[in-house]
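Since we're looking at a predicted model, the values are computed, not measured. Heads up: numbering here begins at 1 and tracks the sequence.
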Amino acid sequence: MKKWRFFLVMGIVAVMLAACGSTATTKSSNKQENYPTKPIMFVAPSGAGGGWDLTARAITKILDETNLVKQTMTVENKPGGGGTVFMAEYATQDKNNDYKLFVNSPPIIINNLKAEGNSPYGYQDTTPLAQLTKDFGAIVVRADSKFQSMSQLLDAIKQNPKSVTVAGGSAPGSMDHLVAILPIYKTGIDPKIVKYVSYDGGGEAIAALLGGNTDVIATDASSVGEYVKAGKVRVLAVSAPERLDGVLKDVPTLKELGIDAEFTIWRGVFGPKQMSDDAKKFWENTFKKLSEHEKWKEELTKQGWEPEYKGSKEFTQFLQEQEQLISDMLKSLGMHK
């Protein structure tokens, strides 16, 4: 009789344990299926109206309109130090915050590698989630410039470096400067001897060019179309792997000109370094769907952005490759930390 009662009790315990395990599994499964469960913040580490800000707002707008994300999404601007102020906060205080993402571009690499104004934190202190757009550098002169070709410009710099003023909309060692010296560096000219003037943004750099205060500028290819149409500037070359469409379709690439160089100005989304597997999986799937959606493609056309989707793994590999190129250029300038 005692033996019968023992087996009865053990059977009941087994059933209860199985039920508990089932409940735990269901809860775990629900947790995975329910992410996100609260509002999400997208950070633009800059002021309003810049490229990061416009990208973050476009992403959240289309994610909302397409119902790909059902939770409330907000965009917060965190300017300061070209993104370095935000990175210091994010990498230390939000390293496992699945509900705060941010938009960035090559400065996340540049700021981590350059000597002055550098950030101790880079993309390695994040989870790269997706690249969504691409742009390329452009070497631009006035329409009436004596430089009719890239070779003429490089010859003039080689013969008398101080006779040519090169400018851009970012500080020395930053993105426009690197785009400017890329063909110079790849041609074997010491980029340290080139006169570079920095302006506060691409708009000011173009104004300086048109005003005759500089001979050539390096800037985003997407920002010069209207000036080309108006007959105010001429683009000598772009840093794309192949010719671009539209108003710049007749502009040669650096590679076409025998200069083994290209540089992609990408924009992508990053999460915290210790992002949970569930959150990472959700965003990988969501950004892939976003990249394929017609509404996103319409937004790209409206903004004048080129589409370029890379998932987390491919994006991370690309960042490693660009990091090497940027590192080499900064060393050639004597600006590597």
Side-chain angles (χ1 to χ4, degrees), residues 24-48 50-105 107-108 111-112 119-133 266-293 295-296 299 309-316 319:
T25 303
T26 303
K27 284 182 179 178
S28 175
S29 176
N30 286 341
K31 182 181 177 183
Q32 180 175 347
E33 291 173 1
N34 288 340
Y35 177 89
T37 59
K38 58 184 182 180
I40 301 147
M41 179 183 294
F42 278 75
V43 176
S46 62
W52 291 340
D53 177 66
L54 293 173
T55 304
R57 294 184 190 281
I59 290 169
T60 54
K61 173 190 165 191
I62 304 303
L63 287 176
D64 179 57
E65 289 180 357
T66 56
N67 209 30
L68 286 171
V69 176
K70 296 177 176 60
Q71 291 293 329
T72 301
M73 291 170 288
T74 57
V75 174
E76 181 175 342
N77 296 96
K78 289 267 190 173
T84 59
V85 173
F86 165 74
M87 274 302 297
E89 175 189 306
Y90 190 75
T92 55
Q93 299 177 29
D94 291 298
K95 54 189 174 184
N96 58 2
N97 184 353
D98 288 345
Y99 289 85
K100 184 183 283 190
L101 312 181
F102 71 98
V103 171
N104 219 287
S105 54
I108 196 172
N111 291 337
N112 182 231
S119 168
Y121 306 103
Y123 74 88
Q124 301 93 336
D125 300 291
T126 73
T127 297
L129 294 172
Q131 177 188 337
L132 291 171
T133 71
W266 50 268
R267 288 200 189 113
V269 185
F270 298 77
K273 184 172 185 177
Q274 296 175 18
M275 177 173 255
S276 69
D277 291 341
D278 293 345
K280 183 181 178 184
K281 183 178 179 181
F282 171 84
W283 286 113
E284 282 191 286
N285 292 337
T286 299
F287 287 131
K288 180 75 164 66
K289 291 174 184 175
L290 174 71
S291 71
E292 297 168 348
H293 204 286
K295 278 188 172 287
W296 177 246
E299 184 70 17
Y309 172 79
K310 287 186 177 75
S312 180
K313 184 178 180 181
E314 187 183 5
F315 187 28
T316 302
L319 292 172

Val75 side chain reached by Asp53 side chain, heavy atoms, under 4.5 Å: yes
Phe270 and Phe315 aromatic ring geometry - parallel, tilted or perpendicular at 30°/60° bounds: tilted
Short side-chain to backbone donor-acceptor contact, Thr127 and Pro272, under 3.5 Å: yes
Centroid-centroid distance, Phe102 to Phe86, less than 6.0 Å: yes
Gap between atom CG of Asp125 and atom OG1 of Thr92 - 0.5 Å precision: 10.0 Å
Nearest heavy-atom neighbours spanning Tyr309 and Ala130: CE1-CB, 4.0 Å
Check: Leu63 and Trp296 side chains under 4.5 Å, non-hydrogen atoms: no
Asn112 side-chain N/O to Ser119 backbone N/O, donor-acceptor pair under 3.5 Å: yes
Salt bridge present between Lys100 and Glu76 (N-O < 4.0 angstrom): no
Ile59/Leu290 under side chain to side chain contact (heavy atoms under 4.5 Å, CB included): CA gap, chis, key distance, verdict: CA-CA 8 Å; Ile59 290 169; Leu290 174 71; 4.3 Å; yes
Taking every non-hydrogen atom, the tightest pair across Gly47 and Pro79: N-CB, 3.7 Å
CA sep, side-chain torsions, deciding dist, call: Asn285, Trp283, side chain to side chain contact (heavy atoms under 4.5 Å, CB included): CA-CA 5 Å; Asn285 292 337; Trp283 286 113; over 6 Å; no
Check against side chain to side chain contact (heavy atoms under 4.5 Å, CB included), Val43 and Val103: CA-CA 6 Å; Val43 176; Val103 171; over 6 Å; no
Closest approach of Ser105 to Arg267 (non-hydrogen atoms, all atoms of both residues): CB-CG, 4.2 Å
Non-hydrogen side-chain atoms of Val69 and Asp64 separated by less than 4.5 Å: no
Leu68 and Lys289: CA distance, side-chain angles, deciding distance, side chain to side chain contact (heavy atoms under 4.5 Å, CB included) verdict: CA-CA 8 Å; Leu68 286 171; Lys289 291 174 184 175; 3.9 Å; yes
Point-to-point distance, once rounded to the nearest 0.5 Å, from CE of Met275 to OH of Tyr99: 10.0 Å
Salt-bridge criterion met for Asp277 and Lys281 (N-O under 4.0 Å): no
Separation between CG of Asn111 and OH of Tyr121, rounded to the nearest 0.5 Å: 14.0 Å
Glu65 side chain to Asn67 backbone, donor-acceptor under 3.5 Å: no
Pair Glu284 + Lys288, salt bridge at N-O below 4.0 Å: no
Residue pair Trp266 / Leu132, side-chain heavy-atom distance below 4.5 Å: no
CH2-CG distance between Trp52 and Asn77, expressed to the nearest 0.5 angstrom: 11.5 Å
Any donor-acceptor N/O pair, Ser312 side chain to Pro128 backbone, under 3.5 Å: yes
Rounded distance (nearest 0.5 Å) linking atom CE of Met87 with atom CG of Asp94: 11.0 Å
Spatial distance of atom CD1 (Ile62) from atom CZ (Arg57) [nearest 0.5 Å]: 14.0 Å
Residue list, ring pair (Phe, Tyr, Trp, His ring centres under 6.0 Å) with Tyr123, at least two apart or on another chain: none
Side-chain donor-acceptor pair present, Ser276, Asp98, cut-off under 3.5 Å: yes
4.5 Å side-chain heavy-atom contact, Met41 and Met73: no
